[in-house]
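Residue numbers begin at 1 in each chain, while the letters A, B, ... track the order of the sequences.
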Amino acid sequence: MTSETTKTTAKDRIRARGKKDPRAPKRALSAYMYYSQDHRARVRQANPDASFSETGRILGNEWRSLSDVDRQPYVERAARDKSRADAEMDAYEARNADD
DNA sequence: CTTTTGATTGTTGCC
DNA sequence: GGCAACAATCAAAAG
């Protein structure tokens, strides 16, 4: 029951508790984001009839089929962006502390 | 301290 | 321009 049920995710942006982070920095991309950038076209070629929803579903299916080593390059990119996000986090924390 | 969840990232296609 | 499933990620709030 902690999964979907009401699909209460960022899509709604309900902010039930309200925005805690005054100036929350944009977090790093996930490995899947980079996977989409690289395989999005390939899946579209493999599934020319598939719409966005189908393509995304297939992409996720393929992604889950990937091994850790296969995810390595994508996770590495995600980790690289994480470094970028980490810098933003530093500034964000600094703002929270100072401001 | 542990768990949950809320927020965010990028893609394409439709309205 | 925003939102739809897809997966990940992570920081903060709640317990």
*asked:* Which Ile, Leu, Val, Met, Phe, Trp or Tyr residues join A/Val69 in one cluster when any pair of side-chain heavy atoms under 4.5 Å counts as a link?
replied: none
*Who passes side chain to side chain contact (heavy atoms under 4.5 Å, CB included) against A/Met33, sequence neighbours left out?*
A/Leu29, A/Ser30
_Side chain of A/Ser36 - closest among C/dA7, B/dT11, C/dA12_ = B/dT11
*Can you sort out the partners of A/Asp86 under side chain to side chain contact (heavy atoms under 4.5 Å, CB included), two or more places apart, ordered by chain and number?*
A/Lys82
*Any A/Tyr92 side-chain N or O less than 4.0 Å from OP1/OP2 of C/dA12*: yes
*Hey, does A/Arg77 reach any base, or is it just sugar-phosphate, or nothing, if we go heavy atoms under 4.0 Å?*
nothing
_Measuring from the side chain of A/Lys82 (C-beta onward, heavy atoms only), which nucleotide among C/dA12, B/dG10, C/dC10 has the closest atom?_
C/dC10
*asked:* Between A/Tyr32 and A/Arg64, does the side-chain contact (heavy atoms from CB on, under 4.5 Å) criterion hold? Intermediate values first, please.
replied: CA-CA 10 Å; A/Tyr32 187 69; A/Arg64 283 173 153 185; over 6 Å; no
Pair up each side-chain donor or acceptor in residues 47-61 of chain A with any protein partner under 3.5 Å, not counting sequence neighbours, and list the distances.
from    : atom 1 : to      : atom 2 : distance (Å)
A/Asn47 : ND2    : A/Val43 : O      : 3.0
A/Ser51 : OG     : A/Glu54 : OE2    : 2.6
A/Glu54 : OE2    : A/Ser51 : N      : 3.0
A/Thr55 : OG1    : A/Ser51 : O      : 2.6

*Could you state the atom-to-atom distance from CE of A/Met33 to C1' of C/dA5 in whole Å?*
11 Å
*What is the distance from OH of A/Tyr35 to C1' of B/dT9, rounded to the nearest Å?*
17 Å
*Quick one: side chain to side chain contact (heavy atoms under 4.5 Å, CB included) partners of A/Ala85, sequence neighbours excluded?*
A/Ala28
*Name the residue closer to the 5' end of DNA chain C, choosing between A/Tyr32 and A/Asp86 according to the nucleotide with the nearest heavy atom.*
A/Tyr32
*Taking DNA chain B as the partner, which of residues 38-70 of chain A come within under 4.0 angstrom of it by heavy atom?*
A/Arg40, A/Arg44, A/Phe52
*asked:* Nearest whole Å is fine: how far is C/dC10 C1' from A/Leu29 CG?
replied: 13 Å
